[in-house]
2 protein chains.
Amino acid sequence: MSLRHGLLGLLAEGPASGYDLARRFTEVLGSIWPAQHPKIYAELGKLAGEGLVEVESEGPRRRKAYRITESGLAEVKRWLTEVDVDHTMRLQPLLRSLFFWLMDAEDLQKHLAAEAGFYSKLAEQYRQYAAAKDRGDYGYSPQTQSLRVTVEAGIRLYTALADWAEWAQTVPPAKPSTD
Amino acid sequence: MSLRHGLLGLLAEGPASGYDLARRFTEVLGSIWPAQHPKIYAELGKLAGEGLVEVESEGPRRRKAYRITESGLAEVKRWLTEVDVDHTMRLQPLLRSLFFWLMDAEDLQKHLAAEAGFYSKLAEQYRQYAAAKDRGDYGYSPQTQSLRVTVEAGIRLYTALADWAEWAQTVPPAKPSTD
DNA sequence: TTAGGACATGTACCTTGGGACATATCTGAG
DNA sequence: CTCAGATATGTCCCAAGGTACATGTCCTAA
């Protein structure tokens, strides 16, 4: 049930349409909290029904912008401070790593190299955003400060995974004979 | 659809019952690929229906141990080498971090301290397992070697998150006036 | 002027995951 | 002997996520 709070949080920055929110979810949140537009529109409808958001304006092309209400804002804040954090991490790459012993050495090296490349690239993207932010490119609003903190987590996580994939390539294959 | 392959991978190490597998999923995989027993039993039933696993033996207390079949083994290997890795990462703590600007400074510090503690603890647990493995406590089978690699990822990820949460506590609150 | 493409919203369906609940079987402590 | 607790398997339902598909609106370039 975090999509709900994700939407409320984004709307706390200012009014936005489902389309805007979907774009933000794919651009900014793509790698940490994916969400598709059908779910976003549906959830916005529910939130409006519960009075947590309201239609701010209707624009061209049937565009409907939503604004967060007082109770919506209270709800995000309640979630942030009172609801337990869900630390679930469902990482397929790590699940796969448990089964590396089933792969032959060549496939494994290829796999790890590809993974390392993938993570390095992402880490680099986040690093560039962070550099731009630190140069002042995006101003110093509280919102961008928080985004900067999130980006830092992205940098550290993806760097850690990239380093791990590099390291894993250096782990010698097992010696089944000694077991 | 990774539960399926997670089960096949674990069964590739040797026969096990649904109960055994559920335990392994909560113990070893708890933080990287959670799975509840109802889903595991259901999936084992499907896998048996498709001939990817078969009942190896029936024991006391209605215990049914499953063994992976040739085609089951082929299927895990196919998955490992031919199917694209799903890099989806759904991290609620990072989603929350986007909205830190909505929290007051005191709540945020408390939150970050708790997060740092949580991740440090997990990292430490993984570090201890790694140390035991490196001492040779679990032998040198290919399976435990792979587990060691997975554990290394856990160490690095949780350490990165712990460091991040520590670092975030030092980030000065935003200056809304300058924006 | 008309067709393609971006903008914008939605419905329908299917799969996956989580939680509640039910039940059978065996062991060991008192 | 009996009852608590661990072992072991399962059903059922709901919530959440993903994909495919459908539709309407506006702009712009050929």
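Side chains included, hydrogens not; waters and symmetry mates left out as well; all remaining heavy atoms used. Here is how names work: the chains are called A, B, and so on, in the same order as the sequence lines, proteins then strands, and each is numbered from 1.
- Looking at A:Y129 and A:Q125, their side chains never bring a donor and an acceptor atom within 3.5 Å of each other.
- C:dC7 atom P lies 7 Å from atom CZ of A:R61, rounded to whole Å.
- Salt-bridge formation is detected for the pair A:R156/A:E152: a Lys NZ or Arg NE/NH1/NH2 atom is positioned less than 4.0 Å from an Asp or Glu carboxylate oxygen.
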TODO: Mark up nucleotides 17-22 of chain C, 5' to 3', with B wherever a protein heavy atom is under 4.0 angstrom from a base atom, S wherever such an atom reaches only the sugar-phosphate, and - elsewhere.
DONE: BBBB--

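- Between the P atom of D:dA8 and the CZ atom of B:R63 lies a distance of 5 Å, rounded to the nearest Å.
- B:F25 has its CZ atom 14 Å from the P atom of C:dT16, to the nearest Å.
- Rounded to whole angstrom, the span from the OH atom of A:Y41 across to the P atom of D:dC21 amounts to 19 Å.
- Here B:D137 contributes atom CG and B:K133 contributes atom NZ; the two are 9.5 Å apart, rounded to the nearest 0.5 Å.
- Between B:D104 and A:K77 there is no salt bridge, since none of the side-chain N atoms of the basic residue sits less than 4.0 Å from a carboxylate O of the acidic one.
- Under a cutoff of 6.0 Å and an axis angle of 45°, B:R96 and A:W33 do not form a cation-pi pair.
- Distance B:I40 CD1 to D:dA8 C1': 13 Å, rounded to the nearest Å.
- Here the shortest heavy-atom pairing between A:L102 and B:G9 reads CD1-CA, 4.5 Å.
- The distance from atom NZ of B:K46 to atom C1' of D:dT9 is 17 Å, rounded to the nearest whole Å.
- The separation between B:R62 atom CZ and D:dG10 atom P is 6 Å, rounded to whole Å.
- Across the protein-nucleic acid pair, A:K64 atom NZ and C:dA8 atom C1' stand 11 Å apart, rounded to whole Å.
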